[in-house]
2 protein chains.
Amino acid sequence: MTRMVGRGRNAAMPRSADVARVAGVSQKTVSRVFNDEPYVSADVRRRVLAAAEELGYRMNHAARALASGRTRSIGVVTLGTALYGPASLLMGVERAVRDAGYALRVVNTVEGDPAGVTGAVESLIEQGVDGIVISEPIDEGAAAVRVDVPVLVLGAPPAFAAPQVLTVGVAADALARAATEHLLALGHATVHHLAGPQRWYAARDRLDGWRSALRAHGRAEPPVVEGDWSAVSGYEAGRKLAADRDVTAVFAANDDMAVGLIRALLEAGRRVPEDVSVVGFDDIPLAAYVTPPLTTVRQPFDAVAQEGLKLLVQAIEKPDADPPPAVDPPVELIVRTSTAPPTGR
Amino acid sequence: MTRMVGRGRNAAMPRSADVARVAGVSQKTVSRVFNDEPYVSADVRRRVLAAAEELGYRMNHAARALASGRTRSIGVVTLGTALYGPASLLMGVERAVRDAGYALRVVNTVEGDPAGVTGAVESLIEQGVDGIVISEPIDEGAAAVRVDVPVLVLGAPPAFAAPQVLTVGVAADALARAATEHLLALGHATVHHLAGPQRWYAARDRLDGWRSALRAHGRAEPPVVEGDWSAVSGYEAGRKLAADRDVTAVFAANDDMAVGLIRALLEAGRRVPEDVSVVGFDDIPLAAYVTPPLTTVRQPFDAVAQEGLKLLVQAIEKPDADPPPAVDPPVELIVRTSTAPPTGR
DNA sequence: GTGAAAGCGCTAACAC
DNA sequence: GTGTTAGCGCTTTCAC
């Protein structure tokens, strides 16, 4: 079946008034039907729907947005990267937005762009959105924008002046703590940390979780090595770490770096897990299939996106209701074979 | 600095008429300035800009879209997956769309959704977009929609009735052919293929490339094993393939499956590359760091996205001009250590 | 070069 | 339950 769809000045698209004429009702009644408003008799509703179907009517969202001041769309600001974490979060957000009956607008921020998140948010506001999701932002200094739509920040402290700034943590510190404690429980004297870039809040949270685990157990805190999330940076860090015979356990801030790290370790003749245990973070789909299969911590991306969007949509639609209490997703440590007790050497 | 931005019925946002009053010009002149129309004196332009700045004016895109019938936005239809290929393409598209001065709307199609791509396209049209990008679609049968905006299809045959359907191939068949020929050149009698799900055009193209290489060299065409892009499916395929001692070289349709395959091979006691050579597809960032480092073929995602968007934007803005000839991005085979000549056994 | 008037296709507010 | 009347903030058309 071939249906005609389209939009544009001369495109002879039927409008609600045309539907009204065919159905023999007023234009406003057509509007009522398409907005599921009450007080429309079942009979009228049926006639309107039939007429709309017959004409191939589709509502013009621009006109609706102009008249109502609402767009039924949500904007998301992401880092423009195909990294597993941010990409998964984006897919989760898309799904949750669609399920809530909203449209999605996406703006990426570019690393090093002076406008950064602030510019991205302004461009979304200009486009017209009812709410904004900021996904895993990096710290760009105090670049506050006053926005009058609700803002949901995923994986960072609230940093925007908005009527409602909602935050859903990825519970990264708890997850990082669990990873570190797993290594400690195995009998390692201490745990080294291959951190993510500290401009990312997500990276800081993981570092905090690692540090708090070490402190809680009264262990020495070795110097932190910082990577940039990439396997290359993990590899480079691994070359340094491999030279240090005191290193028996490393917690990497993501799986990509963990894989690079392991490669460097192996090339330096240090076996994993016999000589050095490694735990990653994210549970990328490949984690179970690299050599050795990677012990890691699963990030509940979908749950975070869903949970967050529930808050955001409520803030948009019922601004006065109290936000429901946030439910922290469960910590999931996936133990595979890249970790083992230290072998006395 | 805290700037007030926002939109909405009661939000006391300044409009172009306010700017006009402050600048002492007509509302239409403000419109001219913001649309970079000619015939505005430099002096007037400066005054308008100053007034806008003073009031914190931002144009209302919904009103513009309603009046002009154009939205300056582009919609993209993607599969909702964080797989490296689709995710990279999406990021490339976002960047290219932003560079062209358009906004981006995203709709995912869900596997198994009856509406599928057709429904996604209709929802974009309804939202109002000036052009549509369909990224790596799967074959859903003939579900044609007549759309009156230009459509760009990335990585599949044109399948939509639209004023302009543009296609930019990922040249997947040429790339797959190069991968296969690399293995043949190494001295392997033939090459097995671990294919992607055949509903994806991208998977079919790779299979075609593999097949044509085999035919061109007069080699036997072994039965195809089909996976679903995931490492798990590669692993399962690997268990079957490992049992067959005739298998000395495998071309996997993506890197994730290649990694799963290698793991299965190793577990079955077959060494890579000594007993079996493996080449992947995509060059995921991890490819150089897995064990053994993966020989693979690099997909030029950014180039494809940029190239495609150039076509699309031209089709939107200058519908009558001839589309510039498509430039095929170069084939890049990355040889690492998962491939080697067969060892006579 | 600039301005006045008339919509774009909807929703809001209120009448009936 | 349903219709009427005004806009929403821009662009278009055409006059000057």
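In what follows, every chain begins at residue 1, and chains take the letters A, B, ... in the order their sequences are listed.
In this entry the distance linking CG of B:Asn60 with P of C:dC8 reads 18 Å, nearest Å. In this structure, CZ of B:Arg46 is placed 16 Å from C1' of C:dG1, rounded to the nearest angstrom. With rounding to whole Å, A:Arg70 atom CZ is found 23 Å from C:dG9 atom P. As a whole-Å value, the separation of A:Arg21 CZ from D:dG3 C1' is 17 Å. Atom NE2 of B:His61 is separated from atom P of C:dG9 by 20 Å (rounded to the nearest Å). Distance, A:Lys28 NZ to D:dG7 P: 16 Å, rounded to whole Å. What separates CZ of A:Arg72 from P of C:dC10 is a distance of 16 Å, to the nearest Å. Regarding A:Glu37, its CD atom lies at a distance of 12 Å from the C1' atom of D:dT2, rounded to whole Å.
When each of C:dG1, C:dG9, D:dC10 is scored by its nearest atom to the side-chain atoms of A:Ala67, the top-ranked nucleotide is C:dG9. Listed nucleotides C:dT11, D:dT11, D:dC10 differ in distance to B:Ser31; the shortest reach to its side chain belongs to D:dT11. The side chain of A:Leu66 sits closest to D:dG9 out of D:dG9, C:dT2, D:dT2. The side chain of B:Thr29 approaches C:dT2 more closely than any other nucleotide in the set C:dT2, D:dC10, C:dT11.
Rounding to the nearest 0.5 Å places NZ of B:Lys310 at 12.5 Å from CG of B:Leu152. A:Thr71 contributes atom OG1, which lies 5.5 Å from atom CZ of A:Arg105 (distance to the nearest 0.5 angstrom).
Between D:dC16 and B:Tyr39, no contact under 4.0 Å exists linking OP1 or OP2 to a side-chain N or O. Regarding contacts with the backbone of D:dT12, every side-chain N or O of B:Ser68 stays at 4.0 angstrom or more from both OP1 and OP2. Between C:dG9 and A:Arg15, a contact under 4.0 Å exists linking OP1 or OP2 to a side-chain N or O. Here A:Ser16 reaches the OP1 or OP2 of C:dC10: one of its side-chain N or O atoms lies under 4.0 Å away.
Looking at which nucleotide of DNA chain C each of B:Ser26 and B:Ala63 is closest to, the 5′-most match is held by B:Ser26.
Counting only heavy atoms from C-beta outward, the side chains of B:Arg46 and B:Asp43 approach each other to under 4.5 Å. Residues B:Glu122 and B:Thr118 have side chains in contact (heavy-atom distance under 4.5 Å, counting atoms from C-beta outward).
Using a 4.0 Å heavy-atom distance criterion, A:Phe34 is classed as making no nucleic acid contact.
A donor-acceptor contact under 3.5 Å links the side chain of A:Arg32 to the base of D:dG3.
A donor-acceptor pair under 3.5 Å is absent between the side-chain atoms of B:Asp130 and the main chain of B:Ile74, judged by distance alone.
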